[in-house]
Number of protein chains: 2
Amino acid sequence: MAQVPTSEKPSRREQILAAAAELFARHGFHGVGIDDLGSAVGVSGPALYRHFRSKDAMLGEMLTSISEVLLAGGEARAAGARTPRDTLGELVAFHVDFALDNPSLITVQERNLGNLTDPDRRRVRGLQRRYVEVWVRAIQDAAPAADEPRARAAAHAVFGLINSTPHSRHLDRDAMAALLRQMALSALLDVGSTGAADLNAAV
Amino acid sequence: MAQVPTSEKPSRREQILAAAAELFARHGFHGVGIDDLGSAVGVSGPALYRHFRSKDAMLGEMLTSISEVLLAGGEARAAGARTPRDTLGELVAFHVDFALDNPSLITVQERNLGNLTDPDRRRVRGLQRRYVEVWVRAIQDAAPAADEPRARAAAHAVFGLINSTPHSRHLDRDAMAALLRQMALSALLDVGSTGAADLNAAV
DNA sequence: CCGGCATGTTAGCGAGCGCTAACGTCCCAT
DNA sequence: ATGGGACGTTAGCGCTCGCTAACATGCCGG
């Protein structure tokens with residue numbers, strides 16, 4: 001296979017990270033050994049140390065880059081939206097697409113934050129906090145009756161809803177995306193109401 | 001059928017399981033050693049083998065009993081409800097209460113199914129499948145426009161929403177329960193509609 | 001009083017872990 | 001042609017893991 005020397009440097013690291021994401025998602029960080037990771041990309045064992053300083057560094061790089069992508073995408077979508085409800089719709093659609101296209105990454109980020117080193121965890125938590133902030137502002141703008149703790153709790157709940165995707169594959173991708181968007185938006189728009197009754201409006 | 005034939009063992013096993021649930025939830029199954037588990041209940045290390053045959057058996061018993069409690073509770077609530085929408089409300093309330101009262105167990109069940117031994121995993125999966133069935137029937141009864149795969153996907157999504165509780169503790173218990181019930185029901189009742197716009201039913 | 005059971009202890013085993021050392025090979029730039 | 005860097009190999013280290021062995025102690029019914 002011919003390699004282009006200058007522009008296309010990256011492939012091996014990302015190939016390793018993709019394989020690692022799948023294995024970490026399936027067995028947990030501590031349930032996967034260096035040899036497992038190596039043989040998943042066709043090399044064996046310690047060869048990985050030509051590309052990463054440690055197993056911890058693989059997880060760190062993986063979760064940091066996910067968090068950066070989510071934050072950047074969320075901010076971009078929020079900035080491009082016109083109305084508060086449009087903002088919410090954009091954020092939901094963005095997160096749904098990401099979760100459907102990267103189920104392993106979503107799973108690893110949900111389950112293995114606690115296996116990061118302290119500096120890595122601090123950085124990832126900071127990025128996640130800023131991503132949640134984007135959502136909290138959007139929720140409060142679209143549903144002014146929700147105070148901030150309530151909006152924050154709602155954001156986490158919707159993440160749980162959307163991130164459940166990797167564990168249920170009963171629909172094809174587009175139908176699943178439509179269902180998740182619909183459920184997420186319904187749940188979010190009801191956060192503003194106080195009690196049992198509905199406050200439904202048209203789209 | 002897995003009951004010990006002798007007299008009931010009251011406290012120690014359950015004390016160990018409770019401590020193990022918290023540790024497994026925080027660090028993952030492979031991230032907790034038996035010395036950690038022992039010292040969490042005041043004894044140290046191998047003393048646990050007076051109560052459990054192995055570390056795997058602790059996880060197995062933990063997840064089996066959760067699944068049994070959820071299934072029994074779900075069936076009882078569904079049997080006692082009058083209308084389809086009432087059934088859904090009962091199921092949602094039941095699951096919300098369970099998740100809020102047992103955050104560690106919920107987390108372990110979500111994350112560590114893959115660490116079970118094969119027979120344990122088969123049993124737990126079977127119980128979970130029956131619990132999901134209860135939900136699928138309730139969803140289809142309450143929202144007849146939803147076909148079965150759609151109802152199944154919706155059930156998993158709502159589990160994700162409710163089970164996100166352990167990761168966000170911004171509200172007191174009752175406010176959190178009310179919010180989760182409201183969001184879950186809104187999401188579920190919209191599953192019946194077909195596309196982007198309407199088909200909303202009255203309360 | 002005592003024998004047995006329940007429950008705990010410490011010492012240590014074999015296996016597996018993450019990782020390093022030492023070494024080989026291919027590929028290009030000079 | 002050749003020397004060096006990128007990339008791979010195998011052997012093996014130090015450590016921790018789950019678990020067993022061997023032994024101690026307190027309670028309890030005959």
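- A donor-acceptor pair shorter than 3.5 Å cannot be found between the side chains of Arg137(B) and Gln140(B).
- If you take CZ of Arg50(B) and C1' of dC19(D), they are 12 Å apart, rounded to a whole angstrom.
- Remark: aromatic rings of Phe24(A) and His30(A) are distant, center separation not under 6.0 Å.
- At a threshold of 4.0 Å, the pair Asp101(A)-Arg173(A) counts as salt-bridged, since one of the basic side-chain nitrogens sits closer than that to a carboxylate oxygen.
- A centroid separation of less than 6.0 Å is found between the aromatic rings of His170(A) and His156(B).
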Q: I would like to know whether Gln128(A) and Arg125(A) meet side chain to side chain donor-acceptor pair (under 3.5 Å); could you show each step before the answer?
A: CA-CA 5 Å; Gln128(A) 287 184 340; Arg125(A) 276 210 193 282; 4.7 Å; no
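- For dC19(C), the OP1/OP2 oxygens have no side-chain nitrogen or oxygen of Arg53(A) closer than 4.0 Å.
- OP1 or OP2 of dG8(C) has at least one side-chain nitrogen or oxygen of Arg12(B) nearer than 4.0 Å.
- The phosphate of dA6(C) has neither OP1 nor OP2 within less than 4.0 Å of any side-chain N or O from His51(B).
- Side-chain rings of Phe29(A) and His27(B) stay apart, their centers remaining 6.0 Å or farther from each other.
- For the segment residues 16-27 of chain B, no residue has any heavy atom less than 4.0 angstrom from an atom of DNA chain D.
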N/O to N/O distances under 3.5 Å, protein versus nucleotides 14-18 of chain C:
residue, atom, partner, partner atom, Å
dG18(C), OP1, Val32(A), O, 3.1
dG18(C), OP1, Lys55(A), NZ, 2.7
dG18(C), OP2, Ile34(A), N, 2.8

Atom pairs, N/O to N/O, protein against nucleotides 12-16 of chain D, distance under 3.5 Å?
none

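- Look at Asp118(B) and Arg121(B) and you find a salt bridge, because one of the NZ, NE, NH1 or NH2 atoms lies within 4.0 Å of a carboxylate O, short of that distance.
- In this structure, Glu22(B) CD and Leu37(B) CG are separated by 12.0 Å, a value rounded to the nearest 0.5 Å.
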